[in-house]
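A quick write-up on the structure given underneath.
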Amino acid sequence: MSDARDQGAPGSSGGSSAGSSAGFGAPPAKFDLPAIERDVIEGWRANEVEYRSLHGHRPGEDAPASPGATGEPAPEFVFYDGPPFATGLPHYGHLLAGTIKDVIPRYWAMNGYRVERRFGWDCHGLPIESLVENELGVHGRAEIEALGVPKFNAACRAGVLRFTSEWRAVVERMGRWVDFDNDYKTMDATFMESVWWVFAELWKQGRIYEGHRVQPVSPLLGTPLSNFEVAQGPQETNPKTGKDGHKLRQDPSLTVRFAVEGEDNTYLWAWTTTPWTLPSNLALAVHPEVEYALIEVVETGEKAYVEPGRLEDYQARKRVGETRELRRMKGAELVGIAYAPLLPYFADERLNEDGSRRAFKVVSADYVTTDSGTGIVHQAPAFGEDDFLVGKREGLPLIRPMDLNGYFDERVPDFQGLRAKDADKGIMAKLKEQGSIVDRDTYVHPYPHCYRTDEPLLYMAISTWFMKVEELREQLAANNEKIRWVPAHVGDKRFGNWLGGARDWNLSRNRYWGTPLPIWRCDEDPSDMVCVGSIAELEQLAGLEPGSVTDLHRESIDDITFPSARTEGGTMRRVSEVFDCWFESGSMPYAQNHYPFDPAKKDYVESNLPANFIAEGLDQTRGWFYTLHVLSTALFGRPAFENVIVNGLILAADGKKMSKRLKNYPDPMGVVERFGADALRAYLISGPVVRAEPMRFGRDKNDTEGLCVREMVKAAILPLHNAYNFLVTYARVDGWTPTAAVWDHEPAADLDRWILSRTQSFVAGMRREFEAYSLDNLVPAWLEMCDELNNWYIRRGRRRYWKGGDEAGADKQDAYATLYRVLVTIAKCMAPVLPFYCEHLYQRLVVDLGLATGADADSVHLQRFPSVDEGRIDAALERQVALARKVVGLALALREGERIGVRRPLPKLTVASRDPEVRGAMARFSEDIQTELNVKAVEIAEDDSALVSLSAKANFKVLGRKLGKRMKVVAAAIQTLEAEALRAVLEGGTVEVEGETLGADDLILRREPLPGRVAESEGTITVVLDTNISAELEQEGLARELINRIQNRRKSSGLEVSDRIALTVVCLDGGKLSGALEREELRALVEGETLTAALSVEQTAGSDAQDGREEIDGEQLWLRLARHEG
RNA sequence: GGGCGUGUAGCUCAGUCGGUUAGAGCGCCGCCCUGAUAAGGCGGAGGUCGGAGGUUCAAGUCCUCCCACGCCCA
C-alpha cells in the first residue's frame, strides 16, 4: 500500500493526513482484481490488520477493554474450527468451508464481538499412518512392531505437518482470517492430556466398557482394517450389474444338513459360503415372516426344513431329487427347534447353567433373505456382523477359535494351525465323510480384499472399548433441539434420526499413531483396571518425577508400568489401543485450551460452550458434528454449538467427483490468480451448496477452467468497480473531495433520497441474512442493489455530475455526497463477503483521503457493520421508482417492436392506470421517464377505456375457498363477462354470475391494448407510445445520431472527457442532415453535448474520402475533429 | 437394503399457505443504448416441472409407488 495510507494508519489519533489530502487518486487504467488483492494483503500485513481483528489489539499490546472504550470487555462470539488433515493439499471443499468460516466471523467481528479463530490440525489416524506405511515399506502389525513403534511414530510425527505451509498460503490468499500462530494440533501433549481427561470423566460416569465388535481383518497383516482401508481394496466391475465394487471372488457354496433333535431323520438345511466358520456354528437363523416347508425327499426318505422357493432352485439345478411337501409353517414357528451340533468342538455350549437351551437352536433374524441358499442361514456369532448381533440378542456365546492372522487354535484340534480359508477343504471333506453335505457348488460374489496383500478379508469379533451412547439418546435429542441447523432438515432428519438410533461408540483402534487409551490393566486380573486422567496422575502412580512425562504417544508411555494396588503381585500395563481420532476432534473444545489443566483458560472454556458457530460439510453429520455433540452432552449436558452451517459436496463441472487423474477441475490457486479470491468466494457461497446440496463447479459441463468464477467478477465486482470509477473520474474533473460532512448531507432530489433509502433497505436485508446464517442470499441481494445503483441511480444521475464548474450548485454536491455515501456503505456491508475489493474501495474512498479517524479506522474490517437507519427508509418511494422502471421497460419493448431507436425522439408516452400509486409515481418521475425514453411528454391518465379491452378471469385463490365445486362453472361464466359489466366492477360495483355476487376482489382483470396503437399492458398499467414523428423530431433525431458518431470519435481518438474540440461536419448538400444543422438549437445541442468550441458545417455534393466517413439513415457525412486549444 | 437430500429452459437456480400465461441469471440469436462501465437495456428461441397413479373445484407444490443422482449408514 502507499505511503499515504500508512500515514493514516498507526496510532489512535488518526486522520493525520486529512489536511494534506489532494482528493482521489486516478483509478487504474486496467481492472486487475488479483493484483488489487495482492496489494490489499500487503496492506493487511504492514498494518497487522488480521492480528488486530483476531485479537482485538495490536501485537505486543494488552487486550483493550473494548474498541468503544466503555470499560466493558468486548463480547465473545465463539467459533470452533474443525481440524483438517494436513496430509493433503486444500481442495475446493476446504475453500468453501473456509469461506463460510470466514464470512460469518467477519460479520460478528464488525459488530463489535471478539471472535477467536484458531486453526486446528488433525494429526493422528490412518491417513498419515497409511502414508508412512507406504513410505517406509512396512505393512501390518508384525512389520510395524518389528520396525518398532518409536520409529514408526517418529515418521508419522515428522510427516504429518508436511503441507502446513501450503495450507497457510492458500488460506491467506483466499482472504480467510484465522490464527495459525496460535493453532492447535491433536498431537500436542496438552491436547492429548485433555483427551485423557475427557475419557477419564466418562470412565468415572461409568460410560466406558469393554466389548466386542465384528471388524474386517487382514490376516497377513494381522490387523483389523478401517472402512477407509476396506474401501481402498481392489475393485472390479461386476459383469452382472455393470457396477464397480469389491473384487469378485469364487467361494464354496455349501448346503449342510443339521439333525433336528427329537425328530427322526429330520434335518434343517442351511447354507454358507464360509465353511471355515462351521466349526464355530452356534445357531441357525430363519426369517420369522417367511414361509418354510417340511419336505420329504422321495428317493431317500430324508425329511428337511427348507424355504420352498429355494428348494425349486436346488431341484432345477438337479441337486435335490423329487420331494413331497409334508407341512408348511412360518419361520417363527421354527424358532426354538434344537439341533445336534454339526461338529463336536463346542458341543458343551449346548445348555445354559439352568438347563435351558443355549446354543444349537433355530433363531429368528430379519436379515435372512430368500435370494440364495435355503432360506436358513448358519450362524457363527464371532464371524459376522449380523451373526454377532443375533448372537448377542439370543445370549449365544462368542467363540472365536482363531487369532488375528486367521490360524485355528487348539480348540479346533482337527484344523489347528491351519489358516481359515485353507481349512475350507478339510472341513468340507470331514462333513462329507459324516454325511452332512446336501450340496456343494461354487459362488462368485464381490468380496472385500486387503488393500495391501490382496487377500480376502475375514470378518471377526474383536475386543474394543465402547462409550455408552444409547442411554444418552434422549439428552442428545433434547440438546439437538437447541441447535440452529442450516439447512434445518439436516438437524431434524439426518442428524436427528442418527441420534435417535445412536449406538454405543466404539472409540478404540488397534493402531499406533494416536492418543493412547489411558487404561492400565493388571496382568494377573484383567478386571483390575485404572483409568488415568492426567500426566500428573500417571507420574504419581508410576512413581516418576513430576514433569518427567512430556509426551503421551505410545512410544513414550507403553513401557510405563506400576504395581497393582488391588492385586497382590500384579503389574499394571497399558492396554494397547489408541483412540478413534474422532474422539480427539470431538474433544477439541476442551483440548484446544488444555482444559481443565490450564487455569487461565478454565473459565473461558466453561463459559464458551456451546460455541456460537461452526461450519463443515454434510459428511460430518456422523463425524465431527456427532462427536462434538456426544461429548459435550455427556460432560456438560449442553450442546457443543448453537448455529451450524452445513455445506454440500463440490463436484467437477461434469458432475463427477473432482479427480486429479481426470483433471476435470481447475487448480484452485490458478483460478484465484486469474480471477480473484473475492470472485471465487462469492461464487462458492452463492448456490445451494451452502445448504448442504451438491454443487457442480463450472459454468457448464465443459468448464474446466473456472469460467464460472469469471462470470462472478463480471456480475458482482466489475459493476461496483465501475461505479467507483465513475465517481472518481468526475470528482477529479470537478475537484470534488469528500469530507466528514457528507454524512450529514440531506439531499433534496428524489433520486438521492431514493438510493439512500434503497441502501438502508439493503443493509437491513444483509443483516437479516447474516443473522439467519443463510449465506446463499448475500450475493443475489447485492446484485439487485448493484443493478439499482448502476442502472438507475448513476444512469439517471449522470448529467448531474458533468455540469460545468460554474453550474456546480447544491444539486451537484448532493449527487457526489450521496454516491460517495452509498459506496462507502456498500464497502462495509459487503466486506465479509468480498474482503479484498471492499478493503480496496474503503482505502481509496476513505483512508487515502484522510477521513479515517479514530483507532482501527485504517481497515474496513475493523469498522462497524452499518446499522440500519430506519428513518431513511421510504418504502413508498422505493415502490414508485420500481414502477417508473417498470414503465420504462414496457416502453422500451414497444420501441423495440416498432424498430425506433431511442435516439429518435417521439412526441409522447401515455401511461394509464386506475392505481393512484402508479399515477403518483409517473408524475413524480416523469422527467426521468421522459429522458430515459427520449419522449417529449409523458401523459398520465386514469381512464384506460379507450385504450384497452377488458376481460376477466376468476381469482381462483379467493373464489376457490368460497365456491368449492361450483368453481368451474363460475370461472367459465366469468370469462364471458362483457367489458361494460367489468367496468362497473372497477367502479366499485358488483356483478351477478351464476347466482353469485362477485366484487373486484373476486376477479382478475386483464387488459388487452386495442388495435391501432403502439401499446402494452401489464397488470393495471397501460402504456401507449405516440410514434408520429414530425419533421422537427426527425431532425432532432439526426442531430442525436450525429452526436453519437462524434462521441465515438472523441473516444477513439483518445481525447479526455473534458477536452473541448474543434469540429467540422461535412454533409451532403441538400441532405436531411444538412437541413437539421441549419437549425440553431440543434447545432447548439451538438456543440453542448460534444464540448465543441468551434463548429463548422460544410456542404459537399459527394466524396469518396474514407477519412472521417460516417453514415446516418443511409446518408453519408464526414467528421473532422481536433482538440481545441485555449 | 435403510436414512436424508436432490431432480423445473442448453447450463446454474428461484418458485410463498395448493390458485390457472411457471420465473431469473448465464449462454445463443436479433435489435437498441452508451464520453463511468471490461458494461447495460429490450425482445426472441428454448419447458411432457424425472415418471406413473391418487387426493382436490384446482397440483411444479400434498400423498403413494417407481426411476435417476448425491451423501451417510448397512
Please enumerate all protein N or O atoms sitting under 3.5 Å from an N or O of nucleotides 38-44 of chain B, with distances to 0.1 Å.
from   : atom 1 : to        : atom 2 : distance (Å)
A38(B) : N6     : Ala29(A)  : O      : 2.9
A38(B) : N6     : Phe31(A)  : N      : 2.9
G40(B) : O3'    : Asn791(A) : ND2    : 3.3
G40(B) : O2'    : Asn791(A) : OD1    : 3.4

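Counting to the nearest Å, the C1' atom of A36(B) and the CZ atom of Arg800(A) are 16 Å from each other. Whole-Å rounding puts the Asn777(A) CG to U12(B) P distance at 20 Å. One interatomic measurement links the two molecules: CG of Asn955(A) to C1' of A58(B), which rounds to 13 Å at whole-angstrom precision. A straight line from CH2 of Trp792(A) to P of A36(B) spans 17 Å, rounded to a whole angstrom. Taking atom NZ of Lys968(A) as the reference point, atom P of U56(B) lies 12 Å away to the nearest angstrom. Atom-to-atom, CG of Leu1003(A) to P of U20(B) comes out at 15 Å; the value is rounded to the nearest Å. We find that CG of Leu651(A) is positioned 19 Å from P of A68(B), with the value rounded to whole Å. Atom CG of Asp386(A) and atom C1' of C73(B) are 14 Å apart (whole Å).
Among the heavy atoms of the strands lying under 4.0 Å from Ile794(A) is at least one base atom, whether or not backbone atoms are also near. At a threshold of 4.0 angstrom between heavy atoms, the contacts of Arg903(A) are confined to the sugar-phosphate backbone, with no base atom among them. Residue-level contact check: Leu1055(A) touches the bases, meaning some heavy atom is under 4.0 Å from a base atom. Among the heavy atoms of the strands lying under 4.0 Å from Arg961(A) is at least one base atom, whether or not backbone atoms are also near. Counting any heavy atom pair closer than 4.0 Å across all strands shown, Arg1006(A) reaches a base atom. Nucleic acid contact for Asn790(A): base, since at least one base atom lies under 4.0 Å from a heavy atom of the residue. Using a 4.0 Å heavy-atom cutoff across all strands shown, Gln1047(A) reaches at least one base atom of the nucleic acid. Pro487(A) comes within 4.0 angstrom of no nucleic acid atom, judged by non-hydrogen atoms across all strands. His721(A) comes within contact range of no nucleotide atom at all, as no heavy-atom separation falls under 4.0 Å. Within the 4.0 angstrom heavy-atom criterion, no nucleotide atom of any strand lies near Gly687(A).
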(message) Could you spell out the base pairing of RNA chain B as a dot-bracket line? Use Watson-Crick and G-U wobble contacts where both distances are under 3.5 Å, [ ] for crossing pairs, | for partners on a different strand.
(response) (((((((..((((.....[...)))).(((((.......))))).....(((((..]....)))))))))))).
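The side chain of Asp619(A) lies closest to C71(B), out of A36(B), C71(B), C13(B). Proximity note for Glu693(A) (side chain, C-beta onward) versus G5(B), C4(B), U34(B): the nearest is G5(B). Listed candidates were G30(B), C72(B), A14(B). Nearest to the side chain of Arg899(A) is G30(B). Ranking A36(B), C32(B), G70(B) by closeness to the Leu649(A) side chain, first place goes to G70(B). Of the candidates A36(B), C26(B), A74(B), the closest approach to any side-chain atom of Glu711(A) belongs to C26(B). Residue Val902(A) has its side chain nearest to C33(B) when only C33(B), C57(B), C4(B) are considered. When the nucleotides U12(B), C32(B), C13(B) are ranked by their closest atom to the side chain of Arg696(A), U12(B) comes out on top. With distances taken from any side-chain atom of Trp498(A) to the nucleotides G3(B), C73(B), G5(B), the minimum falls on C73(B).
In this structure, Glu616(A) contributes its side chain and Gly82(A) its backbone to a donor-acceptor pair below 3.5 Å. A donor-acceptor pair under 3.5 Å links the side-chain atoms of Glu470(A) to the main chain of Asp504(A), judged by distance alone. Looking only at distances, a side-chain donor or acceptor of Asp678(A) sits under 3.5 Å from a matching main-chain atom of Tyr837(A). The main-chain N or O of Val948(A) is never found under 3.5 Å from a side-chain atom of Arg1007(A) such that the two would form a donor-acceptor pair.
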(request) Decide yes or no on side chain to side chain contact (heavy atoms under 4.5 Å, CB included) for Asn480(A) and His629(A), but give the supporting numbers first. (result) CA-CA 8 Å; Asn480(A) 188 33; His629(A) 192 66; 4.1 Å; yes
(request) Under the side-chain hydrogen bond (donor to acceptor under 3.5 Å, both in side chains) rule, what do Arg691(A) and Asn647(A) come out as? Steps first, then yes or no, please. (result) CA-CA 6 Å; Arg691(A) 294 194 313 258; Asn647(A) 67 267; over 6 Å; no
(message) Set out, in order, the CA-CA distance, both residues' side-chain angles and the distance that settles side chain to side chain contact (heavy atoms under 4.5 Å, CB included) for Asn955(A) and Leu1003(A), then state yes or no.
(response) CA-CA 5 Å; Asn955(A) 185 342; Leu1003(A) 303 175; 5.8 Å; no
(request) In sequence, state the C-alpha distance, the side-chain angles, and the governing distance for Glu769(A) and Ser774(A), and then conclude on side-chain hydrogen bond (donor to acceptor under 3.5 Å, both in side chains). (result) CA-CA 5 Å; Glu769(A) 300 293 339; Ser774(A) 58; 2.7 Å; yes
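Comparing A22(B) with A9(B), their C1' atoms sit 11 Å apart, to the nearest whole Å. If you take atom P in G51(B) and the same atom in G60(B), they sit 11 Å apart, rounded to whole Å. As rounded to the nearest Å, C28(B) and C4(B) have C1' atoms that lie 38 Å from one another. Rounded to whole Å, the separation between the C1' atoms of A14(B) and G41(B) comes to 22 Å. Here the separation of C66(B) from C26(B), taken at their P atoms, is 41 Å to the nearest Å. Atom P of U56(B) sits at a distance of 44 Å from the matching atom of C42(B), rounded to the whole Å. Going from the P atom of A45(B) to that of G25(B) covers 16 Å, rounded to whole Å. Spacing between G27(B) and C63(B) at atom P, rounded to whole Å, works out to 38 Å.
Residues Tyr665(A) and His91(A) keep their aromatic ring centres 6.0 Å or farther apart.
Taking 4.0 Å as the cut-off between side-chain N and carboxylate O, Arg885(A) and Asp787(A) count as a salt-bridged pair.
For Tyr801(A) and A36(B), the shortest distance from a side-chain N or O to OP1 or OP2 is not below 4.0 Å. Distances shorter than 4.0 Å separate none of the side-chain N or O atoms of Arg1040(A) from OP1 or OP2 on C33(B). Taking 4.0 angstrom as the limit, Arg798(A) places a side-chain polar atom (N or O) nearer than this to OP1 or OP2 of A36(B).
Among Phe726(A), Tyr820(A), Tyr730(A), Trp736(A), the single residue meeting the ring pair (Phe, Tyr, Trp, His ring centres under 6.0 Å) criterion with Tyr801(A) is Phe726(A). With Leu1055(A) as the fixed residue, the side chain to side chain contact (heavy atoms under 4.5 Å, CB included) test singles out one of Arg1049(A), Gln1047(A), Arg1060(A), Arg1123(A): Arg1123(A).
Where Asn1044(A) and Lys493(A) each meet RNA chain B at their nearest nucleotide, the meeting point lying more 5' is that of Lys493(A). Between Lys957(A) and Ala653(A), it is Ala653(A) whose nearest contact on RNA chain B lies nearer the 5' terminus.
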